[in-house]
Student: 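Can you read through this structure? Questions will come right after.
In each ligand, atom 1 is the first atom listed, and ligand 1 is the first ligand listed. On a predicted model such as this, the values are computed, not experimentally measured, just so you know.
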Amino acid sequence: MIKLSPSILAADPLQMGSALQTIKQAKADELHFDVMDAHFVPNLSFGPSLLAAMKKAEPDLVYDVHLMLSDPCKYAEVFAEAGATIITVHQEAENFIPCLEKLRQLGVKVGASLKPGTPAHTLRPVLDRLDRVLLMTVEPGFGGQKLMPEVLGKARELRLMGFQGDIEADGGIGLQNMQLLADSGINVLVMGTAFFKAEDPAAFCAAVHAL
Ligand code: DX5
Ligand code: ZN
């Protein structure tokens, strides 16, 4: 089944509690928590205190934490302690490989993310250490951008390299293009704008699960 991970980056910043409930009541599979440091990407988003508050309120949700940080190793423990289920770090970041080791030691699920311009083969040496690969289908930093279809071929490359974990896509995904992603071998969809604009989030989520 295709999993849905709504991104709170697209939620009303004044209504984070209700965004959390919307995700839960829609029966989404995960909550996508985009962390940005205004250095690795030209935007600044959320910190560990928001994650900890969400985890306290809804401990049973899967917190899919996407660290868009220049040196994610520095904050891996902070986000693990705040309640992350999965922590995904960028292949392009500093200390990428030591960070994968640290995440494994912290007991969270380990993800690696590629910017659109980074080839899939760069992950070949570490695929056996990963539970998940996150393919950015937009340049990271902002929601509401247009999906870059040229990225989708990376999913097939990863399968051909023998990767059997989750392949997640993030950016510019909606009802109009989600079938294309599912057909490409992607099994987790991050949706921010499309999800929080949906008239009926539960029906939206059911449509993703029906892919
Ligand atoms: C980019 C962000 C976005 C966001 C989802 O760094 O990670 O991809 O989560 O974006 P939209 O609103 O396009 O679904
Ligand atoms: Zn993300």
Side-chain angles (χ1 to χ4, degrees), residues 2-13 15-16 19-20 22-23 26 28-48 50-51 54 61-70 72 75-76 79 84-93 103 108-118 130-152 154-155 166-182 186-198 201 204-205 207-208 211:
I2 301 295
K3 292 187 269 189
L4 173 63
S5 187
S7 167
I8 58 162
L9 192 72
D12 177 346
Q15 305 290 337
M16 277 300 161
L20 177 65
T22 302
I23 291 172
D29 304 276
E30 304 178 1
L31 181 149
H32 192 76
F33 194 92
D34 279 315
V35 184
M36 301 176 180
D37 64 359
H39 187 256
F40 184 74
V41 293
N43 196 359
L44 190 59
S45 63
F46 313 112
L50 176 60
L51 177 61
M54 289 183 156
L61 280 184
V62 172
Y63 292 93
D64 170 31
V65 177
H66 177 193
L67 297 183
M68 288 165 270
L69 309 178
S70 293
Y75 292 91
F79 281 97
T85 315
I86 305 161
I87 294 181
T88 296
V89 296
H90 271 262
Q91 187 276 347
E92 307 89 357
L103 291 173
V108 295
K109 284 198 179 300
V110 181
S113 184
L114 299 175
K115 289 184 178 179
T118 305
L130 302 177
D131 300 301
R132 171 171 292 196
V133 173
L134 170 57
L135 301 175
M136 290 309 297
T137 40
V138 296
E139 282 303 327
F142 297 91
Q145 300 178 72
K146 200 166 167 343
L147 180 130
M148 298 165 72
E150 61 273 27
V151 168
L152 302 184
K154 292 184 191 176
D166 281 334
I167 300 181
E168 183 176 29
D170 182 353
I173 303 169
L175 294 178
Q176 78 287 358
N177 59 21
M178 62 185 191
Q179 186 67 58
L180 178 68
L181 283 102
I186 290 160
N187 70 302
V188 186
L189 302 180
V190 174
M191 297 196 213
T193 307
F195 177 80
F196 284 104
K197 278 191 173 154
F204 185 97
C205 185
V208 174
L211 283 173

Student: Against heavy atoms of Met36, which atoms of ligand 1 measure under 4.0 Å?
Tutor: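 With Met36 as reference, the close atoms of ligand 1 come out as 6 (O).
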Student: To check your reading of the model: name the closest protein heavy atom to atom 10 (O) of ligand 1, its residue, and the distance in Å.
Tutor: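 Nearest neighbour among protein heavy atoms for atom 10 (O) of ligand 1, to 0.1 Å: Gly143 CA, 3.6 Å.
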Student: Using modelled atom types and a 3.5 Å cut-off, is there a donor and acceptor pairing between side-chain atoms of Asn177 and backbone atoms of Pro149?
Tutor: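 Such a contact is absent between Asn177 side chain and Pro149 backbone.
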Student: What distance do Lys154 atom NZ and Met136 atom CE have between them, rounded to the nearest 0.5 Å?
Tutor: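 Between Lys154 NZ and Met136 CE, I get 10.0 Å after rounding to 0.5 Å.
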Student: Of the side chain and backbone of Asp34, name the one, both, or neither that has a heavy atom under 4.0 Å from an atom of ligand 1.
Tutor: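 The side chain, only.
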Student: Give the name of the N/O/S atom in Asp170 that lies closest to the Zn ion (ligand 2).
Tutor: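 Of all N, O or S atoms belonging to Asp170, OD2 is the one nearest the Zn ion (ligand 2).
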Student: Quick check: does any side chain N or O of Ser5 sit under 3.5 Å from a backbone N or O of Val190, one acting as donor and the other as acceptor?
Tutor: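 Side chain of Ser5 to backbone of Val190, a donor-acceptor pair under 3.5 Å: no, none is there.
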Student: Could you work out, for atom 11 (P) of ligand 1, the closest of Ala169, Ala10, Gly144 by heavy-atom distance?
Tutor: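 Looking at heavy atoms only, Gly144 sits closest to atom 11 (P) of ligand 1.
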Student: If you check every N/O/S atom of Asp34, which is the one nearest the Zn ion (ligand 2)?
Tutor: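 In Asp34, the N, O or S atom with the shortest distance to the Zn ion (ligand 2) is OD1.
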Student: Does the N or O separation between Gly192 and ligand 1 drop below 3.5 Å for any pair?
Tutor: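 There is such a contact, yes.
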Student: Indicate, as side chain, backbone, both or neither, the part of Phe195 found under 4.0 angstrom from ligand 1 when only non-hydrogen atoms are considered.
Tutor: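 Within the 4.0 Å criterion, Phe195 makes no contact with ligand 1.
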Student: Taking all non-hydrogen atoms of both residues into account, name the closest pair between Asp37 and Leu69 and its distance.
Tutor: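 So the minimum-distance heavy-atom pair works out to OD2-CA, 3.2 Å.
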Student: Counting only heavy atoms, tell me which of Asp170, Thr137, Ile173 gets closest to atom 4 (C) of ligand 1.
Tutor: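 That would be Asp170.
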Student: Applying a 4.0 Å heavy-atom criterion (strictly less than), which segment of Pro140 is in contact with ligand 1: side chain, backbone, both, or neither?
Tutor: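 For Pro140, the contact with ligand 1 is made by both the backbone and the side chain.
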Student: Could you tell me which N, O or S atom of His66 is nearest to the Zn ion (ligand 2)?
Tutor: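 This turns out to be ND1.
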Student: So, do Leu4 and Phe204 sit near enough that their side-chain heavy atoms are less than 4.5 Å apart?
Tutor: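 They are in contact (side-chain heavy atoms under 4.5 Å apart), so the answer is yes.
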Student: Can you see whether Phe40 has Lys115 sitting over its ring - NZ or CZ less than 6.0 Å from the centre and within 45° of the normal?
Tutor: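 Yes - Lys115 lies over the ring of Phe40, closer than 6.0 Å to its centre and within 45° of its axis.
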Student: Any nitrogen or oxygen of Gly172, side chain or backbone, less than 3.5 Å from one on ligand 1?
Tutor: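 For ligand 1, there is an N or O atom that lies under 3.5 Å from one belonging to Gly172.
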Student: Quick one: does Ser113's side chain have a donor or acceptor within less than 3.5 Å of a partner on His90's backbone?
Tutor: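 Side chain of Ser113 to backbone of His90, a donor-acceptor pair under 3.5 Å: no, none is there.
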Student: From the N, O or S atoms in His32, identify the one nearest to the Zn ion (ligand 2).
Tutor: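 Considering only N, O and S atoms, His32 comes nearest to the Zn ion (ligand 2) through NE2.
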Student: Would a distance-only check, ignoring hydrogens and angles, find a side-chain to backbone donor-acceptor pair under 3.5 Å from Asn43 to Gly141?
Tutor: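 Judged by distance alone, yes, a pair lies under 3.5 Å.
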Student: With a 3.5 Å cut-off and no angle check, do the side chains of Asp34 and Ser45 form a donor-acceptor pair?
Tutor: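 Ser45 and Asp34 do not have a side-chain donor-acceptor pair below 3.5 Å.
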Student: Below 3.5 angstrom, do we get any N/O pair linking Met68 and ligand 1?
Tutor: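 No; the residue has no nitrogen or oxygen that sits under 3.5 Å from a nitrogen or oxygen of the ligand.
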Student: Quiz question: by atom type and distance under 3.5 Å, do the side chains of Gln91 and Thr118 form a donor-acceptor pair?
Tutor: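 Checked: Gln91/Thr118 side chains show no N/O donor-acceptor pair below 3.5 Å.
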Student: So is Thr193 polar-close to ligand 1, meaning N/O to N/O under 3.5 Å?
Tutor: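 Yes; the residue has a nitrogen or oxygen that sits under 3.5 Å from a nitrogen or oxygen of the ligand.
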Student: Who's closest to atom 1 (C) of ligand 1 heavy-atom-wise, of Ser7, Gly141, Gly171?
Tutor: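 Of the listed residues, Gly141 has the closest heavy atom.
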